[in-house]
Visitor: 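Encoded as structure tokens, here's the structure I'll be asking about.
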Amino acid sequence: MKFAEIYERLFDEFGEQHWWPGETEFEVIVGAILTQQASWKNVEAAIKNLKKNKVLDERIIYNIELKKLEELVKPSGFYRIKAKRLKNFVNFLFEKYDGSLEKLFKLEKNELRKVLLSVNGIGKETADSIVLYAANKPSFVIDAYTIRIFTRLGVLKEKEYDKVKAAFENSLPQDVQLYKEYHALIVHLGKNICKTKPLCGMCPLKGMCEYAAVNNNHTKEKSKRNEKRFK
DNA sequence: ACCCAGGTGGCCC
DNA sequence: GGGCCACATGGG
């Protein structure tokens, strides 16, 4: 019930987010893998390297030497493991779908999600990002911001990925464009406003946000981290 | 000198 | 099923 209202507020405040920035389906997939726990700025640098060297292509990544690929994706961080993950994906694509994204994307969305999850290095968020932003099928993407923000809002009790995903999908029409925009707006809010401190005065969700609860959560999270760090 | 970023898998209990 | 950890670059 609240999910639609929050979307409206975010959209009114921030407008179209123009996600995903990738030019091709494959570029979206590469971006989805490289952006794991990395800033998009760093991912852009890595993708730029791939483009400059004309490597941003399924078959070329399939054939390229791992060491070479590692060098190119280095700016995105975790570069050895991410190079391996890109290889894992294209290996999967060529061995099971003749290297054809078109064939892969013919799968029904839940089936597509399932096979993507079978690739080592593609977890739930990456799989959903690929289903939604590359294959254009309505699979709501959940990330750390989504769980943090909606828990603080009191809209969510559950923090488990699949349950959170179901909560969004059961409250919204199955609309690819809406799912794309909503996730992008949540990330925008998380990055710019709800990051380290709840700036409720500037937040488009003011009035829905329990300020005290938010503050308490922050304090708890901080002290828990500090406790760990100083031990 | 910290902290954080559009996570994931492996290992342990 | 949950808690920890490694993975690594670039920016605040």
Side-chain angles (χ1 to χ4, degrees), chain A residues 7 10 14 16-22 27-50 66-67 69-89 91-92 113-134 139-151 157-165 168 179-199 217-231:
Chain A
Y7 174 78
L10 292 176
F14 299 131
E16 291 264 357
Q17 297 298 300
H18 305 291
W19 270 32
W20 197 287
E27 182 176 338
V28 172
I29 294 168
V30 170
I33 291 171
L34 294 184
T35 200
Q36 294 167 354
Q37 197 64 20
S39 69
W40 185 254
K41 254 289 189 296
N42 288 355
V43 176
E44 276 182 326
I47 289 179
K48 200 171 153 192
N49 281 343
L50 295 172
L66 182 60
K67 289 290 171 202
L69 187 57
E70 288 179 356
E71 290 311 308
L72 296 174
V73 302
K74 190 168 270 186
S76 73
F78 298 158
Y79 65 94
R80 279 186 278 261
I81 201 153
K82 282 179 182 173
K84 191 71 175 55
R85 286 174 180 176
L86 292 175
K87 281 285 195 182
N88 290 344
F89 174 76
N91 288 345
F92 153 85
R113 183 176 198 261
K114 202 168 106 189
V115 299
L116 288 170
L117 286 173
S118 75
V119 179
N120 186 295
I122 297 184
K124 288 172 178 174
E125 180 177 346
T126 307
D128 285 328
S129 298
I130 293 171
V131 175
L132 182 61
Y133 292 100
S139 194
F140 205 93
V141 179
I142 306 301
D143 70 338
Y145 290 130
T146 310
I147 295 177
R148 200 182 313 157
I149 293 169
F150 282 77
T151 304
K157 281 164 259 164
E158 290 286 354
K159 294 194 177 189
E160 198 194 323
Y161 190 103
D162 290 327
K163 291 187 177 166
V164 174
K165 177 183 172 68
F168 276 86
Y179 283 15
K180 285 184 176 182
E181 208 57 50
Y182 204 161
H183 174 63
L185 285 164
I186 290 169
V187 172
H188 182 81
L189 176 69
K191 279 208 255 208
N192 293 284
I193 297 186
C194 280
K195 192 174 171 186
T196 53
K197 237 189 350 191
L199 303 175
N217 280 344
H218 275 286
T219 310
K220 275 185 206 153
E221 288 166 14
K222 279 284 180 198
S223 59
K224 194 179 166 191
R225 276 207 297 274
N226 287 337
E227 193 182 329
K228 186 176 152 192
R229 188 174 314 126
F230 295 137
K231 196 158 55 178

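Just so we're clear, the structure is a prediction, and the values are computed from it rather than from any experiment.
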Visitor: What is the distance, to the nearest angstrom, from the CD atom on A:Glu160 to the P atom on C:dG2?
Guide: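 Answer to the nearest Å: 6 Å.
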Visitor: Is A:Tyr79 near enough to C:dA8 that one of its side-chain N or O atoms lies under 4.0 angstrom from OP1 or OP2?
Guide: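 Answer is no, no contact under 4.0 Å.
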Visitor: Which whole-number value in Å describes the distance from A:Lys41 NZ to C:dG12 P?
Guide: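 Computing the A:Lys41:NZ to C:dG12:P distance gives 9 Å.
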Visitor: Just the rounded figure in Å: distance from P of C:dA8 to NZ of A:Lys82.
Guide: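 The distance from NZ of A:Lys82 to P of C:dA8 comes to 9 Å, rounded to the nearest Å.
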Visitor: Angle between ring planes, A:Phe140 versus A:Phe168, binned at 30° and 60°: parallel, tilted or perpendicular?
Guide: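 Aromatic pair A:Phe140/A:Phe168 classed parallel.
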Visitor: Hey, does A:Ser76 reach any base, or is it just sugar-phosphate, or nothing, if we go heavy atoms under 4.0 Å?
Guide: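 No contact.
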Visitor: Once you apply a heavy-atom cut-off of 4.0 Å, does A:Val119 come out as touching a base, just sugar-phosphate, or nothing?
Guide: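 Here A:Val119 touches the backbone only, sparing every base.
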Visitor: Any base atoms under 4.0 Å from A:Arg85, or only sugar-phosphate, or nothing? Heavy atoms, all strands.
Guide: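 Base contact - A:Arg85 has a heavy atom under 4.0 Å of at least one base atom.
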Visitor: Using a 4.0 Å heavy-atom cut-off, does A:Gln37 contact any base of the nucleic acid, only the sugar-phosphate backbone, or nothing at all?
Guide: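 Contact class for A:Gln37: base.
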Visitor: Closest to the A:Pro75 side chain: B:dA5, C:dG10, C:dA8?
Guide: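 Within the option list, the nearest is C:dG10.
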Visitor: I need the OH-P distance between A:Tyr161 and B:dG6, as an integer number of Å.
Guide: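 Spelled out: OH on A:Tyr161 to P on B:dG6 is 15 Å.
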Visitor: Within the 4.0 Å heavy-atom criterion, would you say A:Gly123 contacts the bases, only the backbone, or no part of the nucleic acid?
Guide: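 A:Gly123: backbone/sugar contact only, no base atoms under 4.0 Å.
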Visitor: Taking the C1' atom in each of C:dC7 and B:dC4, what is the distance between them to the nearest angstrom?
Guide: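 Going atom to atom, C1' in each nucleotide, I get 15 Å.
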Visitor: Does a nitrogen or oxygen in the side chain of A:Lys74 sit under 4.0 Å from OP1 or OP2 of C:dA8?
Guide: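 No.
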Visitor: Is A:Asn42 close enough to B:dG6 that one of its side-chain N or O atoms is under 4.0 Å from OP1 or OP2 there?
Guide: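 Checking A:Asn42 against B:dG6: no side-chain N or O falls below 4.0 Å of OP1 or OP2.
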Visitor: Can you tell me the distance, in whole Å, between the CZ atom of A:Phe78 and the P atom of B:dA5?
Guide: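 Nearest whole value for this atom pair: 12 Å.
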Visitor: Rounded to whole angstroms, how far apart are CD1 on A:Ile149 and P on B:dA5?
Guide: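 Value for this atom pair: 11 Å.
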Visitor: Base, sugar-phosphate, or nothing for A:Ile186, non-hydrogen atoms under 4.0 angstrom?
Guide: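 Nothing, no heavy atom under 4.0 Å.
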Visitor: When the distance from CH2 of A:Trp40 to P of C:dG11 is rounded to whole Å, what number comes out?
Guide: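 Atom-to-atom, A:Trp40 to C:dG11, this comes out as 16 Å.
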Visitor: May I ask whether A:Trp19 stacks on the base of B:dG6, given the cut-offs of 5.5 Å between ring centres and 30° between planes?
Guide: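 Whether judged by distance or by angle, A:Trp19 passes, so it stacks on the base of B:dG6.
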Visitor: What integer distance in Å separates A:Glu125:CD from B:dG7:P?
Guide: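 Going from CD in A:Glu125 over to P in B:dG7 covers 5 Å.
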Visitor: Distance between the C1' atoms of B:dA1 and C:dG10, in whole angstroms?
Guide: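 Roughly 16 Å separates the two C1' atoms.
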Visitor: Look at atom NZ of A:Lys84 and say whether more than 12 heavy atoms of other residues, nucleotides or ligands are closer to it than 6.0 Å.
Guide: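 No.
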Visitor: Sticking with atom C1', work out how far C:dA8 lies from B:dC3, rounded to a whole angstrom.
Guide: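 Rounded to whole Å, the distance is 15 Å.
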